[in-house]
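So the structure is just underneath, and the comments pick up after that.
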Amino acid sequence: MEKWMLIDGNSIANRAFYAMPPLTNSAGLHTNAVYGFTTMLLRLIEEEKPTHILVAFDAGKITFRHEGYEDYKGGRAKTPPELSEQFPVLKDLLQAFGIAQFELSGYEADDIIGTLTRMADESGRETLVVTGDKDMLQLASEHVTVAITRKGISEVDRFTPEAIGEKYGLTPAQIVDLKGLMGDASDNIPGIPGVGEKTALKMLHEFGSVEEVLANTDKLKGKMKEKVETHKEDAVMSKKLATIFREVPLESGEDEMAYKGYDKSILSGAFRKLEFKSLLERLDLTGEAGGESEDGGAAAQSAELDIVLLTEGDMSQLKDEELASIESIYVEAAGENPHHAEVLGIALAAEGKVYVVPYDVMVSEAAAKLKGWLADAEVNKRGYDLHKAALALSWKGITLSGATFDVLLAAYLLDPTDSGQSLNALALRYGLPAVPADEEVYGKGAKFKVPPLDQLALHLSRKADSVRRIARHQEQELEKNGMNRLYYELEQPLSDVLCGMEKQGITVNAGELEALGSELSTQIARLMEAIYAHAGDTFNINSPKQLGEVLFDKLGLPVMKKTKTGYSTDADVLEKLEPYHEIVRLILDYRQLAKLQSTYVEGLLKEIRKETGKVHTYYRQTIAATGRLSSQFPNLQNIPIRLEEGRKIRKAFVPSEPGWYILAADYSQIELRVLAHISGDEGLKEAFLTDMDIHTKTAMDVFGVPADAVDGNMRRQAKAVNFGIVYGISDFGLSQNLNITRKEAAAFIEQYFAAFKGVRKYMDDIVMKARQDGYVTTLLERRRYLPEIKASNFNLRSFAERTAMNTPIQGTAADIIKLAMVKMDQTLRERGLKSRMLLQVHDELVFEVPEDELELMKTLVPEVMESALELDVPLKADVNYGVNWYEAK
DNA sequence: CGTTAAACG
DNA sequence: GTGGACGTTTAACGT
């Protein structure tokens, strides 16, 4: 049997655009709408198995509706260029799929679809209409089902006439009456002002149609009667505008719309161009050749590379002149964790010539000269991810110094949120030859295999050459963006400092952790037993799904919040449920202890190096959008501290030498001090200049009371307001945090802004600046782009606005502690101190210190931290020490 | 491999 | 009236 699927192309592309995060391929082409459209299309084809498919588009020009009403669609915001550039791409892709598309000048997509559904009704063929536009519900009939996208585009609601009756109490034909009364802001259909969905439905249930409502205005009362009578004509016209024209002269025949499936090779070519990797895999197209040879360019280019693969025997070929001509290097360190990475080899690129040294040769006697060159800090080196390279090499006994330019680090500064930071993505961005993906050369996961030497050499050569060419572009871009100091004086030197800290590692006392672990095991077992007793059965407490069934289905506790897959059982919800049932407290305790056991006892034990008893984290300098560091393998930036049970984990972090101490120094209120500086707010500045307790000060101003009238609860609320301010405040967020109503939260915020007028001005100004420039910056000119600040989607736009407020604050704080780290490293060196900097936790630095340096370090560390950058308010760092990290409080 | 929850600043 | 706090990583579950 035939089954037709008619898709409203413009509507779905629009929905997809606003539902998907911004996505670009490495050529900078936006692809999110196309991607969203495609995933939806694939799902629908699979689910519906249509015999015919048509995608209808609006034909850009004026539609005949303008003849009646000048403003039709006039109120709609212009299509953003990021979306319009995707329409041609989408149309090409549909062609690759073998799917028919129509557009007809003078008509919109819904007119075309309306006409085809009329024909479907006449011939009785089953049809599914897919759109994001509720207007189209008017087309539903015995044979025609209308699918409306929900929650972005991830799901659709299917509407038959029965479903429409259930939901609205209307027939499909009455949908136009509904629009006639309530209007539609997005289509600039006026309707009757003040009449929304609720009122319109009420009137239609009573009278049946716009005409009948207008004929019976005497039965309405008060304001509503007045409004309806004065806007009679609007209602009639609105209804006309909302009515889909179903007599479009269509010439194309049914054959064109028949869907016969796609050609694998054509589609894989199209997906490759768009870099839809996940879709290639999903459709199992990875093995397909692709419509056009996109490898051709790279192959042609690499043919021009003169590759010299060096063996032990001919390492002597590497003369001083050759080394002096090297412009870039590429070190292949395989594996995610550089502390355990395999080094496959190194490529050294000069203009037009690349030397490749496989790992075996690198570690041989014959490579002494090369190793000397790599270790020479006076020799400037450009590379890709030299931080990882240097760390991986250091474990192999090879020193890499003299890094002066790293294209990964530069790419991060140029756009910290860009996801495409592979060498290939960077190469394509600057119009350079493509670099094949590592996955293609080595395979992935268990299938990882080092290819024959000549293939390896080619791959490393391409990379090294690519680095050389990318660097030239980036050097100019950094200069243009005013980021030279940020790059050359902060981030690049910091990279070395981080390597040192990572290689040094921190000692973790395994015995201490194991003792803690067995205590936890006992308590967890006890809790499990008690939980099962209350539940009347055993189940997996770690499964939110099973837990939800027990709490809400079996025990009948009230549902407070839902996730997209079921009941929410997070701590927030459980805390509200605590009064209802004893089991809830037990689950909260279980969760807490289970986290400690799995992540911090077992997880940390696995990371301890047997030989040294140390853990070596890997700080990543190119991940966080704000400029912060992140920490991995293990993450040492989230070791428990807030609750005593967890805080005990810190007892296991000890100095690596007997008699030494752990010393920790943290910035006090660095983010609010930064805010005081960049907003210039006089009250906030004054508070820090006189070293007041900032939360008490905030409470005084927000509640309008003197210092001695501020109680604990007021200070707690003020503290939450301060957090909110830093995060880019919203009344909803604050209300959630404080468990108060939105109104109350809004009142707090208003009070805050009335007291700190400079802060309000900063918040307004920075959002405006972001809209103008498209990005925000920190004090050191770190940049973050916020394209969504102009989105018409409320969610996306609001998020961007909060980010605009938060990033300069969080980012400047990150700048400051990074400055302190570089200075601290330098100071320790210059003074010949034995103390070592081990960890950074966003606003805290952790050291291990010999007894005889303790007194000095107690003053030196805060001094360096406080003088890292001069602001209009003082920076303050508190210092503590002890025999382990727990005691350094 | 995506979702949920929990740990940190 | 919408639907949300900012930035991360790890572990476990279940499709």
Side-chain angles (χ1 to χ4, degrees), chain A residues 151 154 185 196-198 278 281-282 416-417 445 540-548 561-574 587-588 590-604 606-607 617-620 623-643 645-647 649-650 666-667 669-671 720-721 723-738 742 745 749 784 792-811 813-814 817 839-844:
Chain A
K151 287 214 163 184
S154 53
E197 183 173 301
K198 293 266 160 63
S278 60
E281 276 161 33
R282 184 164 140 196
T417 54
N540 187 345
I541 312 171
N542 290 327
S543 160
K545 187 167 167 234
Q546 294 184 34
L547 180 62
K561 194 164 71 168
K562 298 198 113 195
T563 67
K564 50 184 133 175
T565 52
Y567 306 120
S568 169
T569 65
D570 64 21
D572 220 57
V573 168
L574 294 185
I587 292 164
L588 280 165
Y590 171 88
R591 280 252 179 94
Q592 191 205 327
L593 300 187
K595 177 75 179 177
L596 293 179
Q597 182 76 297
S598 67
T599 306
Y600 297 104
V601 174
E602 291 164 3
L604 212 45
K606 279 186 218 148
E607 295 288 345
T617 191
Y618 172 37
Y619 287 110
R620 303 204 53 187
I623 298 295
T626 53
R628 277 188 175 184
L629 298 177
S630 79
S631 156
Q632 267 184 316
F633 318 130
N635 181 353
L636 295 184
Q637 292 183 317
N638 70 345
I639 302 300
I641 190 167
R642 292 174 190 170
L643 302 171
E645 295 90 322
R647 193 171 193 157
I649 297 283
R650 296 184 172 225
D666 66 297
Y667 279 112
Q669 302 297 345
I670 187 167
E671 293 188 333
V721 173
F723 266 96
I725 292 294
V726 169
Y727 289 160
I729 198 137
S730 71
D731 50 10
F732 183 88
L734 183 65
S735 74
Q736 287 291 300
N737 196 301
L738 283 176
R742 221 161 115 162
I749 295 169
R784 178 173 180 179
S792 58
N793 178 307
F794 178 91
N795 269 330
L796 292 177
R797 189 179 62 245
S798 303
F799 186 32
E801 287 169 358
R802 292 196 296 273
T803 310
M805 302 186 234
N806 169 266
T807 294
I809 302 171
Q810 193 184 118
I817 195 165
L839 303 176
Q840 187 252 44
V841 192
H842 308 307
D843 66 352
E844 175 187 18

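Reminder, nothing fancy here: chain letters follow the sequence lines and each chain counts from 1. Please read all numbers here as calculations on a predicted model, not as lab measurements.
First and last contacts of DNA chain B with chain A, using any nucleotide atom under 4.0 Å from a protein heavy atom and ordered 5' to 3', fall at dT3(B) to dG9(B).
Counting any heavy atom pair closer than 4.0 Å across all strands shown, I639(A) reaches sugar-phosphate atoms only and no base atom. Within the nucleic acid shown, Q592(A) comes within 4.0 Å of sugar-phosphate atoms alone, with no base atom in reach, counting heavy atoms only. Contact annotation for A814(A): no contact, since no heavy-atom pair falls under 4.0 Å across all strands. Counting any heavy atom pair closer than 4.0 Å across all strands shown, I623(A) reaches sugar-phosphate atoms only and no base atom. Nucleic acid contact class of A625(A) (heavy atoms, under 4.0 Å, all strands): sugar-phosphate only. Nucleic acid contact class of R784(A) (heavy atoms, under 4.0 Å, all strands): sugar-phosphate only.
Annotation: salt bridge (Lys or Arg N to Asp or Glu O under 4.0 Å) contacts involving residues 623-632 of chain A, sequence neighbours excluded, comprise R628(A)-E671(A).
Stem analysis of DNA chain C (Watson-Crick or G-U pairs, both distances under 3.5 Å, runs of at least three) returns B:1-9 with C:6-14.
Stacking here means ring centres nearer than 5.5 Å and ring planes tilted less than 30 degrees, and by that measure F732(A) stacks onto dG4(C).
Judged as a ring pair (Phe, Tyr, Trp, His ring centres under 6.0 Å), and not counting sequence neighbours, the contacts of Y618(A) are H387(A). Taking the ring pair (Phe, Tyr, Trp, His ring centres under 6.0 Å) definition, one finds that Y590(A) meets it with nothing, sequence neighbours left out.
Whole-Å rounding puts the Q810(A) CD to dT8(C) C1' distance at 9 Å.
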Task: Derivation and outcome, side-chain hydrogen bond (donor to acceptor under 3.5 Å, both in side chains), residues Q637(A) and S631(A) - done: CA-CA 6 Å; Q637(A) 292 183 317; S631(A) 156; 4.8 Å; no
So which protein N/O to nucleotides 10-14 of chain C N/O distances come out below 3.5 Å?
{"residue": "dT10(C)", "atom": "OP1", "partner": "F633(A)", "partner atom": "N", "Å": "2.8"}
{"residue": "dT10(C)", "atom": "O2", "partner": "K595(A)", "partner atom": "NZ", "Å": "3.2"}
{"residue": "dC13(C)", "atom": "OP1", "partner": "N540(A)", "partner atom": "ND2", "Å": "2.8"}
{"residue": "dC13(C)", "atom": "O3'", "partner": "S543(A)", "partner atom": "OG", "Å": "3.4"}
{"residue": "dG14(C)", "atom": "OP1", "partner": "S543(A)", "partner atom": "OG", "Å": "2.5"}
{"residue": "dG14(C)", "atom": "OP1", "partner": "Q546(A)", "partner atom": "NE2", "Å": "3.4"}

